Amino acid sequence: MRIPEFKLERYFARWEFRAPYLLCSSDIEGWRMSDLLALADADARERWERLTLGYTETQGLPVLREEIARLYPGVGPEQVLTFGGAQEAVFVLTNVLVGPGDHAVVTWPGYQSLYEVARATGAEVTLLRLREEDGWRLDLAELERALRPDTKLLVVNFPHNPTGALPDADTWRGLLALAEERGVYVLSDEVYRLMEYDARDTLPAAVELSARGVSLGVMSKTFGLAGLRVGWLACRDSGILSRCAAYKDYTTISNAAPSEVLALVALRARERVLARSRAIISDNLARMEDFFTRNAEHFAWVPPRAGSVAFPRLKSDVPVATFCERLVEQEGVLLLPGDVYDFPGNHFRLGLGRTNLPDALVRLERFCSTFFTR
């Protein structure tokens, strides 16, 4: 397999651990170990205390899979397979489902692996562009035109990274019905699910609505536990899950035992974990809305509807990559230029999930006060 350099990850490799203010992070502020363990029930605490550091089950800790399954009404633990983060799950499922002669449709802009892994298998990929002028809305008619007789896989990501977009319920159900009609599998990247700003906007998971829907989840984003590296696929097609489990034998084989128990703690206390995430986002979103209102001359943005990221646009003629580089060098504030997605325009990814956002915003404002007067 030959696969291009991952531009976003290479950008983070350069700056993530040097810049003190990550104003573009896609995750929620990470939990402290002591705070997370304080949420453990008696069973989880005992599992933690008597944990041995041996190999774990390839499919995942059974009680962890039971807890994950509870996120999806009608889904059982036998329909869940865990991975070393969402990235591994994307890699494995895509390799299982497509190859030379196949076609995939993937929403764009988006996380590079969602389309590059399919290309690396030899499949042809059509990028389904979301547009700022449409409010980053998914166009169902455009999706239908993109599907072909050889389309095997549709990859969608809602709530969306990097725009924070979310389709309405009719569009979402229409998408899955269209895939069912055409015999297309849907990899639904739902790593920001349960982070909708209005709970009434929460969509049913793809696995709930369709036998061809495969829901991707992870502890990293909504739950603020990126360091655990625990992700999963939920799928009602036992044959697909079996093939994924066999492929996983060539990747991680199994998860880290401590991570599985800590993920169990968080999922059993998920209402408290989610409440923390929502509080951080709510406060930061209000601050950013005020910033963009006051700086409408220099920035345009479509407010996100869910998740912890947004995709504003710099109105200046200066390339956004230059703006971002000067900002991080002068103020230690990191934004992610949209060209890491190969997406046209002067967009940049903004993260809403870090608790030091207020301090980062002060520095961003100070930088803008001189940048736009030069």
Side-chain angles (χ1 to χ4, degrees), residues 8 11-12 14-32 35-36 111 136 159-166 191-192 194-198 218-227 272-296 298-315 320-321 323-338 340 346-372:
L8 181 151
Y11 190 84
F12 273 116
R14 179 184 177 191
W15 292 111
E16 184 175 8
F17 296 100
R18 292 172 55 195
Y21 300 97
L22 303 182
L23 195 52
C24 58
S25 292
S26 61
D27 59 336
I28 303 295
E29 183 83 20
W31 280 76
R32 293 183 182 274
D35 293 339
L36 180 61
Y111 198 56
W136 303 117
H160 186 248
N161 176 5
T163 70
L166 189 66
V191 299
Y192 293 101
L194 307 179
M195 279 296 299
E196 296 78 13
Y197 305 155
D198 185 335
V218 75
M219 298 305 299
S220 305
K221 308 298 185 184
T222 294
F223 298 100
L225 291 164
R272 282 176 284 176
V273 172
L274 291 172
R276 171 186 179 269
S277 296
R278 290 166 180 155
I280 293 171
I281 294 297
S282 178
D283 183 59
N284 286 343
L285 181 62
R287 292 174 183 273
M288 293 312 309
E289 286 178 333
D290 177 63
F291 170 82
F292 285 118
T293 297
R294 289 185 289 102
N295 291 275
H298 305 302
F299 300 97
W301 89 319
V302 177
R305 295 182 59 208
S308 57
V309 290
F311 206 43
R313 176 169 49 86
L314 176 68
K315 291 182 177 180
V320 71
F323 176 84
C324 292
E325 186 150 352
R326 289 180 184 173
L327 173 63
V328 71
E329 287 175 345
Q330 291 182 34
E331 294 287 352
V333 175
L334 187 66
L335 292 173
L336 183 70
V340 302
N346 246 10
H347 297 278
F348 58 93
R349 191 176 77 183
L350 173 72
L352 301 168
R354 295 301 175 94
T355 55
N356 68 357
L357 181 143
D359 294 333
L361 190 54
V362 169
R363 290 170 174 266
L364 174 60
E365 295 236 38
R366 184 168 62 200
F367 175 78
C368 290
S369 69
T370 58
F371 181 85
F372 293 117

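The structure presented is a predicted model; accordingly, all values stated were derived computationally and were not measured.
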Criterion side chain to side chain contact (heavy atoms under 4.5 Å, CB included) on Val328 and Arg18, from CA distance to verdict: CA-CA 9 Å; Val328 71; Arg18 292 172 55 195; over 6 Å; no
Intermediate values then yes/no, side chain to side chain contact (heavy atoms under 4.5 Å, CB included), Leu8 and Leu336: CA-CA 8 Å; Leu8 181 151; Leu336 183 70; 3.5 Å; yes
Pro303 side chain near Phe292 side chain, heavy-atom distance below 4.5 Å: no
Residues forming a side-chain contact (heavy atoms from CB on, under 4.5 Å) with Cys324, sequence neighbours excluded: Tyr11, Val320, Leu335, Pro337, Phe348
Point-to-point distance, once rounded to the nearest 0.5 Å, from OG of Ser25 to CD of Glu16: 6.0 Å
Thr222 and Val191, any side-chain heavy atoms less than 4.5 Å apart: no
Pairs flagged by salt bridge (Lys or Arg N to Asp or Glu O under 4.0 Å) wherever residues 359-371 is involved - sequence neighbours left out: Arg294-Glu365, Glu331-Arg363, Glu331-Arg366
Contacts of Glu329 that satisfy salt bridge (Lys or Arg N to Asp or Glu O under 4.0 Å) - sequence neighbours left out: none
Residues in side-chain hydrogen bond (donor to acceptor under 3.5 Å, both in side chains) contact with Thr355, at least two apart in sequence or another chain: Glu29
Partners passing side-chain hydrogen bond (donor to acceptor under 3.5 Å, both in side chains) against Asp35 (at least two apart in sequence or in another chain): none
Beyond-backbone contact of Leu364 with Phe291, side-chain heavy atoms, under 4.5 angstrom: yes
Leu350 side, atom CG; Leu361 side, atom CG - distance, nearest 0.5 Å: 9.0 Å
Approximate separation, where rounding is to 0.5 Å, of Asp27 CG and Met219 CE: 12.5 Å
Nearest-0.5 Å distance, CD1 of residue Ile280 to CG of residue Leu352: 11.0 Å
Donor-acceptor contact below 3.5 Å, side chain Ser308 vs main chain Ser26: yes
Check against side chain to side chain contact (heavy atoms under 4.5 Å, CB included), Arg354 and Tyr21: CA-CA 9 Å; Arg354 295 301 175 94; Tyr21 300 97; over 6 Å; no
For Phe223 against Leu274, the heavy-atom pair lying closest together: CE2-CD2, 4.1 Å
Check: Pro162 and Trp136 side chains under 4.5 Å, non-hydrogen atoms: no
Salt bridge (Lys or Arg N to Asp or Glu O under 4.0 Å): pairs with one or both residues in residues 273-286, sequence neighbours excluded: Asp283-Arg287
Side chains of Val333 and Phe367 in contact at under 4.5 Å (non-hydrogen atoms): no
Backbone of Ala300 reached by a side-chain donor or acceptor of Arg313 within 3.5 Å: no
Minimum heavy-atom distance Ala19-Gly332, with the two atoms named: CB-O, 3.8 Å
Side chain to side chain contact (heavy atoms under 4.5 Å, CB included) between Met288 and Trp301, worked out: CA-CA 10 Å; Met288 293 312 309; Trp301 89 319; 4.3 Å; yes
Glu196 to Pro159 - nearest heavy-atom pair and separation: OE2-CG, 3.8 Å
Any Tyr192 side-chain heavy atom under 4.5 Å of Val309 side chain: yes
Close side-chain approach of Ile28 to Ile281, heavy-atom, < 4.5 Å: yes
Heavy-atom side-chain contact between Leu314 and Phe299 under 4.5 Å: yes
